[in-house]
*Asks:* 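This is the structure I want to talk about, given as structure tokens.
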Amino acid sequence: MDGAELLQKVRETYAGFSTYSDVGTFESAYSPGPPLEFQTHFKRPEKFRLQWPYSISAKPKCDSSICSDGDRCTITHGNEVEFCESFALMIARATAVSGILYLLVAEVLGPDNLWQDMSDIQALDSEVVYETECFHLTGRNVTGDDTEAWIEKDSYLVRRIRETTIVTEAKRAEIIAALQSEESLELMGNIFASSGLAAEAIELAKDSLPTFLLPMTYQVTYSYSSVIVDQTIHDSVFQIQSGATDAFK
């Protein structure tokens, strides 16, 4: 089985799950501090919860989450709960935290942004990740970034993804222009406001965009220490928190 066939097997495997749960970490060279821990629950067709710490230092401890009970979608930051306008948009936002989501709901989001649609695939020597022997593939994703994937040999479950982006001056200018679009600035303001950031701080963050993303090499790693599939997940896991507002509707 070559690399392309292996990735197709991964797609078919994830498309067949009735339920999926994981515990993982998000690690980034430009996000200092310990890796961000997250937990995912998914039940077809559109019940979903992704949860991560709202603030590592917050006392009492509270979490952020992105959740769908099958009918409604919400984004929660600490004690603030807001509706999200669609399941697809909710998943797109959640993918920034957990890189595996495109595999689970590819039929909702479409194939254009799948990390597993990589080209120039090479199979390296097998490696052990979380005490599990894994295939190790390298290649380039659809945006041309270097990508690595560690895939469990027995089950075709993904146990780690690593993407490396080289930001040149030209690419930086392109990204900044996209971030400064009217739609992006409005979305940024909504997210910052829901996180409790003061209006003055939000405007300062928008004004500082031209200094964002210095030309350099950026690396993001998603690791999945626990993956459980096709087991019962009770609907109470996906219960929408009361007190949501209509800010995103």
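We use all heavy atoms of the structure for the numbers below, so side chains are in, but hydrogens, waters and symmetry mates are not.
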*Asks:* One thing to verify: whether Asp145 and Arg140 come together as a salt bridge, which I'm taking to mean a side-chain N less than 4.0 angstrom from a carboxylate O.
*Replies:*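 Salt bridge absent between Arg140 and Asp145.
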
*Asks:* How long is the gap from CG on Asn141 to OG1 on Thr147, to the nearest 0.5 Å?
*Replies:*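 Rounded to the nearest 0.5 Å, the CG-OG1 separation comes to 3.5 Å.
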
*Asks:* Report the distance from atom CD1 of Ile228 to atom OG of Ser21, rounding to the nearest 0.5 Å.
*Replies:*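 One gets 6.0 Å once the value is rounded to the nearest 0.5 Å.
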
*Asks:* Before giving the answer on side-chain contact (heavy atoms from CB on, under 4.5 Å), spell out for Ile233 and Phe238 the whole-Å C-alpha distance, their side-chain angles and the decisive distance to 0.1 Å.
*Replies:* CA-CA 9 Å; Ile233 303 178; Phe238 310 102; 3.7 Å; yes

*Asks:* Applying side-chain contact (heavy atoms from CB on, under 4.5 Å), run through Thr19 and Phe42 and close with a yes or a no.
*Replies:* CA-CA 6 Å; Thr19 65; Phe42 176 70; over 6 Å; no

*Asks:* Would you compute the distance between atom CZ of Phe83 and atom OG1 of Thr74 and round it to the nearest 0.5 angstrom?
*Replies:*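 One gets 7.0 Å once the value is rounded to the nearest 0.5 Å.
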
*Asks:* Side-chain donor-acceptor pairs under 3.5 Å in residues 119-130, sequence neighbours left out?
*Replies:*
{"residue": "Ser126", "atom": "OG", "partner": "Lys153", "partner atom": "NZ", "Å": "2.6"}
{"residue": "Glu127", "atom": "OE1", "partner": "Trp150", "partner atom": "NE1", "Å": "3.0"}
{"residue": "Glu127", "atom": "OE2", "partner": "His136", "partner atom": "ND1", "Å": "3.2"}

*Asks:* Going by an N to O cut-off under 4.0 Å, is there a salt bridge joining Lys43 and Asp235?
*Replies:*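 Yes.
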
*Asks:* Consider only side-chain N and O atoms of Gln239 and Ser236, and report whether a donor and an acceptor are under 3.5 Å apart.
*Replies:*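 No - no donor-acceptor pair under 3.5 Å links their side chains.
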
*Asks:* Got a second to check how far Leu7's CG is from Glu12's CD, nearest 0.5 Å?
*Replies:*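 If we round to the nearest 0.5 Å, Leu7:CG and Glu12:CD are 11.0 Å apart.
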
*Asks:* Looking just at side-chain N and O atoms, do Arg162 and Thr221 make a donor-acceptor pair shorter than 3.5 Å?
*Replies:*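 Distance-only check passes for Arg162 and Thr221.
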
*Asks:* Using 30° and 60° as the class boundaries, would you call the ring planes of Tyr156 and Phe135 parallel, tilted or perpendicular?
*Replies:*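 Rings of Tyr156 and Phe135: parallel, as their planes differ by under 30°.
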
*Asks:* Check the pair Leu36, Thr25 against side-chain contact (heavy atoms from CB on, under 4.5 Å), reporting the backbone distance first and the verdict last.
*Replies:* CA-CA 5 Å; Leu36 176 70; Thr25 59; over 6 Å; no

*Asks:* Quick one: closest heavy-atom pair of Thr132 and Arg159, and the distance?
*Replies:*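 Looking at all heavy atoms of both residues, the closest pair is OG1-NH1, 3.6 Å.
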
*Asks:* Could you give the distance from OG (Ser65) to CZ (Phe38), rounded to the nearest 0.5 Å?
*Replies:*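 Going from OG on Ser65 over to CZ on Phe38, the span is 14.5 Å.
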
*Asks:* Return the minimal non-hydrogen interatomic distance between Ser155 and Thr13, and the atom names on each side.
*Replies:*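 Heavy atoms only, the tightest pair is O-CG2, 3.6 Å.
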
*Asks:* Does a donor on one side chain and an acceptor on the other come within less than 3.5 Å for Thr40 and Asp22?
*Replies:*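 Yes, a side-chain donor-acceptor pair sits under 3.5 Å.
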
*Asks:* How long is the span from the CD1 atom in Ile166 to the CG atom in Asp146, to the nearest 0.5 Å?
*Replies:*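 Reported to 0.5 Å precision, the distance equals 6.0 Å.
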
